[in-house]
2 protein chains.
Amino acid sequence: MPATIRDVARACGVHVSTVSRTFSAPNLVNPETRSRVLAVAEQLGYRPNKAARALITGRTTNLGLIVADITNPYFPPMIKAAQSQARLHDHHVFVADTDENPAVEEELVRTLAAQVDGILLCSPRMVTRSLSALAQEVPIVVVNRSVDGIPAVLMDLASGARNAIDHLADLGHQHVAYVGGPAVSWTNRELRRAAVAAAKARGIRLHLLGPFPPNHAGGVAAASAVRETPATGVLAFNDIVAIGLLESLREAGVSVPGQISLIGVDDIPQAEIVRLTTIATPTDTAGRAAVDMLLARAAAGRRGGTPADQAAIADQWLPTTLVVRESTGPAPSTKRVPTARTGS
Amino acid sequence: MPATIRDVARACGVHVSTVSRTFSAPNLVNPETRSRVLAVAEQLGYRPNKAARALITGRTTNLGLIVADITNPYFPPMIKAAQSQARLHDHHVFVADTDENPAVEEELVRTLAAQVDGILLCSPRMVTRSLSALAQEVPIVVVNRSVDGIPAVLMDLASGARNAIDHLADLGHQHVAYVGGPAVSWTNRELRRAAVAAAKARGIRLHLLGPFPPNHAGGVAAASAVRETPATGVLAFNDIVAIGLLESLREAGVSVPGQISLIGVDDIPQAEIVRLTTIATPTDTAGRAAVDMLLARAAAGRRGGTPADQAAIADQWLPTTLVVRESTGPAPSTKRVPTARTGS
DNA sequence: GACTTTAATGCAAACGTTTGTGCTTCTGTC
DNA sequence: GACAGAAGCACAAACGTTTGCATTAAAGTC
C-alpha cells in the first residue's frame, strides 16, 4: 500500500536506481531530475523502507539501550538524553529493562544485536567476561563501568567522593561511614576507593559498611549499622539508599543533620525534595556522550573508520559536583555515644 | 558473517524452505528433520534476520511507545511494564520522548510507523483529528485518552475523584478547590467532571482553578490561587502539582493538613516520601494491558482477525484507589479567612 | 492393484532497496 | 573533427527471508 521506490521511478519516467541515488547519494544525480524526483516522492508520500535498506546495507539506524531498572529514577534522564541525541542523528532507540538480572541482560544484547547498529549498556550487571565476548559481536558502549577494550562513559566519582569527605571534615566530623552498594558495582568500588584515600588525607576515620542492596530497603537496613559506629557523617552509595537511611534515622529519633550528617550520590529529583546533600552526576550529558561514542564506534566498525571517529571513541570522564543542602551540618560538639544494642 | 538460513540448509543437506518452515511453521516439517535442522542451527549460532523477515512478511515484531516526557515519574513504571509484556511476546519496543511537543509526537508516529507493528501512545498531546488520521496508517492504542475508533486503556478517575471528594467531605471540609491541569488533557476533564458531580452530591462548594502547567512550577503557581479561595481542601491534577503546592503552602506558613488538606493523583514514588494522600492509578497494569490490546489490534489488522483478538480490543477501564496519607485531615474548626492580597 | 489423499520437501518468485558495471551523451582539448 | 574524460543514467544482481505451487513418496480406499 505505501509508495515504493518503484512507484516514484515510474511516475518520474526514470529508473529506480536514480530514485535510490537521489536519497542516498544526491550529488550523483542531475539537480534537475533530483528535484523532480523529490517532488514526486513528496507527493506520493514515499518513505524509504528501512527493512529493505537494512537488508542490503547491514545498517539499521537503530540503537539499543539497556538498563537494569527503568523505574530507578537515576536512569530516565539518561534515557531521555540518549533518545533525543539519537533522534538528532536519525536513529531510533530500543529501550529494554533487565529487571536487575544479568542473564536477561546478556540475552537481551544477543537478541537486539542483529537489529541495531550498536548497544548502550547503562550500569551493566553482567560479568566482565560476558561483556567482552558480546563486544566482539556488536558495537557496545558502556556507562558507569570500565572494561578493557570497551569504550566507556564514566563519572568522576573519585573527585566527587573527595569533595564529600572534605565537606564533612570541614564541618568537624571525625568519624565518617561509607555505606556501600553491590560489591560488583564499579561505581561502588570507585566511591569507596576515593573515600578511603580522602579520609586518610584528612586524617579522619572511615568506617566501611555494607554491601547493602541499592534500594530503599538497603538504606533502612544500613541505618542500624551506621548507629553501631561512632560515625557522625555518612556517605551513601546513592540517593535512594541515603533517603531510606534518612527516613529510618529520623524515625528512630536521630536528628539529621543535628546528630548525623548525610550525603548521597546522583542528585535524583527526590534528593531535592528531602533536601539531601549529594554528589550530582551529569546523567543527561552521559546519555548524549554515550550515543555519540556509539555512533562513532559503529561507523568505525563499518569502514576503516575516519580519524575523527577513532578520536571520538576514547573513554570519557564526566565531572561531578557536590550539591550542598540541609542534610549536612556541623559535627555535634559532644561525641555521640554509639547506641549498639547491649542485649544478651 | 553471521550464519544464514542457507548455511543451515547446506549443512543439513536440505532446502532453505525447509529450514524456514522449521522456524515459522514447525508442524509442516518432519519431526526428524526438524530436530536435525534445529541442532545444526543451534550449533551454527543461526539467528533469523529480522530485516529480511520483515521485508517479506510486513511484520517487524517491534512496537513503538511514545510518551511526552520520560523523566516524568508517572511514565517509567508504565514503560517498564509495557516493555516487559512485549518481551513476553517476543517483541522489542522503541521508546521515544516528544518533549511535550505535539508536532514531534506526530512526526515520531510517522517515522516509527513503517518499522513497527503498532504504536502505544501514552497520554498523547496531539489534537484528536491528527490522532484519528494516524490511526488509519498504523495500529494505535492510546492510554489516558478516549478517541472515537481508537482502542484505549483508561483510568477510572471518576470514581477516584468521587472517593477523594467524599474523603474530604467526611473530614468536614465545606469548601474544596480543584487545581486543574492542561485544558486539552482528557485526564483533567475527567477529574473535573467527576469532582463537580461529587461535590454537588455531598453539598459542598467546589472552586475550579487553573489551568496550571502539570509540573512543579504549576503547583507553586497554584498555591496563591488556592489561598484566594476559602477552600480548606484541595484536589490537584497530579502528584507533581500537589507536591509543588504542598511545599509552597508550607513555605508560606500554611499548615498541611492543619489548615489545608491536599490530595494528588497518580501515587508516584515521591508522593509516599512526602506522605501525600493521592488517587493511585495502576500504571503498570495499564502498560501491560495496552501492549496486549496493541498486539491483538495488529493481529486483527493482518488477517481477518480471530474473535479472541476482536474481543481484546474493547476499551479497558482500570480501577483507581484512594491512598490516604498525612496530607489530609479534619477541616479546621474556625473557618480560615482568605488571604487575598488587599493592596491597590 | 489402480486410485485418491496426505505428508514432506523442493523450486522459484517476491519483498524494496543498494550498488558495481556499462552504455550514452555531452564538454572540452588539441 | 577525432578523442579523452566526465556526467548522467539504466541494467541487473544481491541482501535473507517467506510462501504458493509443483513434485515425490508413502499411506489409505475401494
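Note that the coordinates shown come from a computational prediction; the quantities given were computed from them, not determined experimentally. Each chain gets a letter, A, B and so on, in the order the sequences are listed, and its residues count up from 1. Atom set for the values below is all heavy atoms of this structure, side chains included, hydrogens, waters and symmetry mates excluded.
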At under 4.0 Å between heavy atoms, what does Arg59(B) touch on the DNA or RNA strands: base, sugar-phosphate, or nothing? nothing

Only pairs at least two apart or in different chains count here, so list each side-chain hydrogen bond (donor to acceptor under 3.5 Å, both in side chains) that has a residue in residues 24-36 of chain B. none

Look at Asp99(A) together with Lys80(B) and state whether they make a salt bridge at an N to O cut-off of under 4.0 Å. yes

Who passes side-chain hydrogen bond (donor to acceptor under 3.5 Å, both in side chains) against Thr57(A), sequence neighbours left out? none

Contacts of Asp284(B) meeting side-chain hydrogen bond (donor to acceptor under 3.5 Å, both in side chains) (sequence neighbours excluded), chain-then-number -> none

Under the side-chain hydrogen bond (donor to acceptor under 3.5 Å, both in side chains) test, which residues partner Arg125(A), sequence neighbours left out? Glu100(A)

Counterpart residues, ring pair (Phe, Tyr, Trp, His ring centres under 6.0 Å), relative to Phe23(B) (two or more places apart): Tyr46(B)

Would you mind listing every side-chain hydrogen bond (donor to acceptor under 3.5 Å, both in side chains) that reaches into residues 133-154 of chain B, with sequence neighbours excluded? Tyr74(B)-Asn144(B), Ser123(B)-Asn144(B), Thr128(B)-Arg145(B)

To the nearest 0.5 Å, how far apart are CD1 in Ile66(B) and CG in Leu112(B)? 5.5 Å

Is it the case that the side chains of Thr61(B) and Asp90(B) hold a donor-acceptor pair, with the cut-off being a distance below 3.5 Å and no angle test? no

How large an angle, rounded to 10°, do the end axes of the helix from dG1(C)-dC30(D) to dC30(C)-dG1(D) enclose when each is built from five base pairs? 40°

Contacting residues from residues 26-43 of chain A, given that a heavy atom lies under 4.0 angstrom of DNA chain C: none

Taking only residues at least two apart or on different chains, which pairs with a member in residues 1-16 of chain B satisfy side-chain hydrogen bond (donor to acceptor under 3.5 Å, both in side chains)? Asp7(B)-Arg10(B), His15(B)-Ser17(B)

For the residue pair Val138(B) and Ile140(B), establish whether any side-chain heavy-atom pair is separated by less than 4.5 Å. yes

Sub-4.0 Å heavy-atom contacts from residues 10-24 of chain A onto DNA chain C, ordered by number: Ser17(A), Ser20(A), Arg21(A)

Segment of DNA chain D, first to last nucleotide, that comes within the 4.0 Å heavy-atom reach of chain A: dG8(D) to dG16(D)

Applying ring pair (Phe, Tyr, Trp, His ring centres under 6.0 Å) as the test, list every pair that has at least one member in residues 78-97 of chain B; sequence neighbours left out. His92(A)-Phe94(B), Phe94(A)-His92(B), Phe94(A)-Phe94(B)

